[in-house]
Amino acid sequence: MELLVIGSGGREHALAWKLAQSARVRKVYVAPGNAGTALEHGLENLPITAIPDLVEFVKKNNIELTVVGPEAPLADGIVDAFNAENLPIFGPTQQAAQLEISKDYSKSFMQRHNIPTADYATFSNPTDAHQYLDNKTAPIVIKADGLAAGKGVVVATTLEQAHAAVDLMLVEKNMGQAGAKIIIEEFLQGEEVSFIVMVDGHEALPLATSQDYKRLQNGDQGPNTGGMGAYSPTPFISPQYHARIMREIIHPTIKGLEQEDTRYTGFLYAGLMITPDNDIKVLEFNCRMGDPETQTMMLRLKSDLLTLIEQALDGTLDRAEIEWDRRVALGVIMAAHNYPKTPRKNDVITGLTALSEKQKTTDTFHIFHSGTCMGGNNGKEFVTSGGRVLCVTALGDNIKMAQQKAYQIAKQIKFDGYQMRSDIGHRGISNIRQNET
Ligand code: AMP
Ligand code: GLY
């Protein structure tokens with residue numbers, strides 16, 4: 001079979017790499033892919049991004065399944081376009097993806113179906129928003145309604161900052177149309193975890209748990225990013241919490257969608273906060289896998305991903321069996337200079353070639369590429385081309401060992417101005433230490 005993965009990040013590299021391991025798969029195209037997917041055995045980059053062109057390619061080349069990585073093509077209706085031509089594709093329709101596309105929709109959906117989430121109000125008028133804030137206390141959270149690639153959330157530690165964020169979004173329109181409406185939301189304290197499931201329209205199959213590190217700097221300081229590292233599984237989701245998340249959040253969400261005649265197929269990502277009072281609340285829904293959570297999950301997935309996706313498309317996920325490597329996977333992001341603002345491009349990356357050879361002979365680590373392309377003086381060097389550049393992902397018998405291995409490999413890679421946290425996994429490690437004492 002030949003398959004197609006849409007996207008160009010580390011998540012797509014990991015999904016395509018895993019799909020290519022299926023005995024039934026001859027080739028996985030990645031559109032548009034990156035320098036890492038270009039070099040991977042069984043993968044081929046496809047320099048196409050427009051939806052009608054992708055439809056044409058799939059028809060002409062008898063691609064048997066397409067998997068969508070990022071949210072933007074979902075918001076642009078790629079699944080609807082493929083469905084109209086009866087081409088198999090895994091991901092939610094534009095309507096079903098509203099859970100991620102509009103925070104206002106997502107919050108009101110949660111209210112309608114009693115899914116626990118932070119209290120909130122929606123505004124498009126700045127005067128009303130300022131008045132609302134006058135009766136609130138900090139910290140408080142301001143969010144653009146629309147897609148903003150992780151840059152649309154301000155966790156304001158003072159009311160002044162909150163008022164300023166309202167003005168930036170509603171008056172100066174720094175987020176454009178995405179910030180034409182805003183949500184002002186209660187600040188939640190606690191432990192943030194990622195819970196991702198596959199959905200077949202009716203049933204949800206939970207995937208391995210994980211924890212992402214959103215802030216740029218060590219100690220969870222600095223601005224929010226798309227994610228600076230992750231590990232899987234996370235000790236914060238005990239079997240009891242797992243059962244509660246399925247009962248209190250995932251099942252009501254799937255049921256709610258069905259009740260509203262929205263058929264959802266695809267990955268569904270719940271960003272959750274486990275509060276000090278042991279409440280579990282939804283921070284956000286994403287209609288896709290997480291990045292970099294996927295890189296850690298794919299390194300651990302032992303089952304055939306193609307079979308699981310086929311079962312999701314057939315509506316038979318209730319019969320699916322899924323097996324994970326018992327080891328912990330931990331991924332560390334190396335990001336470009338000036339990420340998350342305007343990342344610098346064309347910095348030459350060294351150390352990758354030797355490691356790429358080494359990873360062919362071991363299952364204990366894999367370097368997934370995001371913002372990379374070929375360039376440099378002779379066009380044959382790896383250079384940076386985006387904010388998050390690489391995710392160095394390694395397996396270990398526990399979080400600490402996976403962390404040591406990932407950093408030991410990451411230290412062999414260099415590029416000018418790279419940014420890398422040195423504490424990915426620290427929350428999980430201290431949780432386990434606390435439980436041991
Ligand atoms: P979101 O895109 O809604 O997930 O927000 C991005 C990040 O901001 C989350 O991953 C959290 O780290 C943080 N965040 C969002 N909403 C809240 C909240 N209500 N309380 C505390 N932190 C939040
Ligand atoms: N790592 C967070 C996300 O993918 O949204």
Side-chain angles (χ1 to χ4, degrees), residues 7 9-12 14-15 68-72 74 97 99-107 110 116-121 136-157 161-162 165 175 178-179 182-196 207 209-216 220-232 234 267-276 279-298 331-333 335 340 368 370 387-388 391 393 421 424 427:
R11 165 184 47 212
E12 290 76 33
L15 289 172
V68 189
E71 63 279 16
L74 296 170
L99 272 186
E100 174 170 3
I101 297 169
S102 164
K103 290 199 189 285
D104 181 39
Y105 171 91
S106 174
K107 296 291 285 190
M110 286 188 256
T117 187
D119 288 337
Y120 81 108
K136 295 282 169 190
T137 51
I140 193 158
V141 185
I142 318 292
K143 299 183 178 185
D145 172 57
L147 293 180
K151 292 177 191 160
V153 175
V154 177
V155 179
T157 46
Q161 279 175 11
M175 296 272 140
I182 61 165
I183 303 289
I184 302 184
E185 187 175 276
E186 167 201 11
F187 173 80
L188 295 178
Q189 239 171 349
E191 201 62 47
E192 192 175 340
V193 293
S194 306
F195 197 90
I196 306 176
L207 301 179
T209 63
S210 54
Q211 185 169 45
D212 178 28
Y213 287 74
K214 297 261 182 347
R215 301 293 188 107
L216 181 69
D220 301 315
Q221 302 295 312
N224 260 323
T225 70
M228 291 298 289
Y231 68 92
S232 165
T234 174
F267 297 108
L268 176 66
Y269 168 137
L272 304 174
M273 193 70 97
I274 301 177
T275 72
D279 285 333
I280 307 170
K281 294 192 178 182
V282 178
L283 285 175
E284 62 164 347
F285 281 120
N286 294 318
C287 293
R288 50 170 177 78
M289 289 285 275
D291 188 338
E293 290 94 328
T294 307
Q295 291 88 314
T296 62
M297 291 160 74
M298 291 302 114
V332 175
I333 293 282
F368 295 107
S370 312
R388 291 186 290 173
C391 183
T393 315
R421 283 182 59 159
I424 300 301
R427 303 181 80 93

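Counting starts at 1 for both ligands and their atoms, in listed order. Just the heavy atoms: all of them, side chains too, but no hydrogens, waters or symmetry mates, feed the values below.
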Task: Donor-acceptor pair, side chain of Ser232 and main chain of Thr209, under 3.5 angstrom - done: yes

Task: Close N or O approach (Arg11, ligand 2; < 3.5 Å) - done: no

TODO: Write out the residue and atom name of the closest protein heavy atom to atom 5 (O) of ligand 2, then the distance separating them to 0.1 Å.
DONE: Arg288 NH2, 3.0 Å

Open item on the list: With nothing but distance in play, are any N or O atoms of Lys214 less than 3.5 Å from an N or O of ligand 2?
Closed with: no

Task: Lys103 contact mode with ligand 1 (heavy-atom cut-off under 4.0 Å) - done: side chain

Task: Where ligand 2 meets Gly226 - atom numbers and elements under 4.0 angstrom, heavy-atom basis - done: 1 (N), 2 (C)

- [ ] Identify, by atom number and element, the atoms of ligand 2 in contact range of Asn286, meaning under 4.0 Å from any of its heavy atoms.
- [x] 5 (O)

Open item on the list: One residue to check: Val141. Relative to ligand 1, which of side chain, backbone, both or neither has a non-hydrogen atom less than 4.0 Å away?
Closed with: side chain

Open item on the list: Quick one, Val153 and Glu284 - any side-chain contact, counting heavy atoms below 4.5 Å?
Closed with: no

- [ ] Run the salt-bridge test on Asp145 and Lys107 with the 4.0 Å N-O cut-off and return the result as yes or no.
- [x] no

- [ ] Select the closest option to atom 14 (N) of ligand 1 among Asn224, Val155, Val282, judged by heavy-atom distance.
- [x] Val155

Open item on the list: Judged on heavy-atom distance to atom 12 (O) of ligand 1, which of Lys214, Glu284, Glu192, Arg215 sits nearest?
Closed with: Glu192

TODO: For the residue pair Lys281 and Thr275, confirm or rule out a side-chain donor-acceptor distance under 3.5 Å.
DONE: no

Open item on the list: Return the NZ to CE distance between Lys214 and Met228, rounded to the nearest 0.5 Å.
Closed with: 13.0 Å

- [ ] Assess the side chains of Ser194 and Glu293: does a donor N or O sit below 3.5 Å from an acceptor N or O?
- [x] yes

Open item on the list: I need the nearest protein heavy-atom contact for atom 19 (N) of ligand 1: residue, atom name and distance, please.
Closed with: Glu185 OE2, 2.7 Å

Task: Per-atom contacts of ligand 2 with Gly290, taking only distances under 4.0 Å to non-hydrogen atoms - done: 4 (O)

TODO: Evaluate the side-chain proximity of Ile333 to Cys391: yes if any heavy-atom separation is below 4.5 Å, no if none is.
DONE: yes

Open item on the list: Which option wins on minimum heavy-atom distance to atom 21 (C) of ligand 1: Leu188, Thr225, Thr275?
Closed with: Leu188

TODO: Check for a donor-acceptor pair, side chain of Thr294 on one end and backbone N or O of Asp291 on the other, with a separation under 3.5 Å.
DONE: no

TODO: Tell me which one of Asp220, Asp212, Val153, Leu283 gets a heavy atom nearest to atom 6 (C) of ligand 1.
DONE: Val153

- [ ] Pull out every atom of ligand 1 sitting under 4.0 Å from any heavy atom of Phe187, numbered as shown with elements.
- [x] 20 (N), 21 (C)

Task: Option with minimal heavy-atom separation from atom 3 (O) of ligand 1, where the choices are Met273, Lys107, Lys143, Gln189 - done: Lys143

Task: Note, Glu192 side chain near Arg427 side chain (heavy atom, < 4.5 Å) - done: no

Task: Arg421 (side chain) donor-acceptor with Arg215 (main chain) under 3.5 angstrom - done: yes

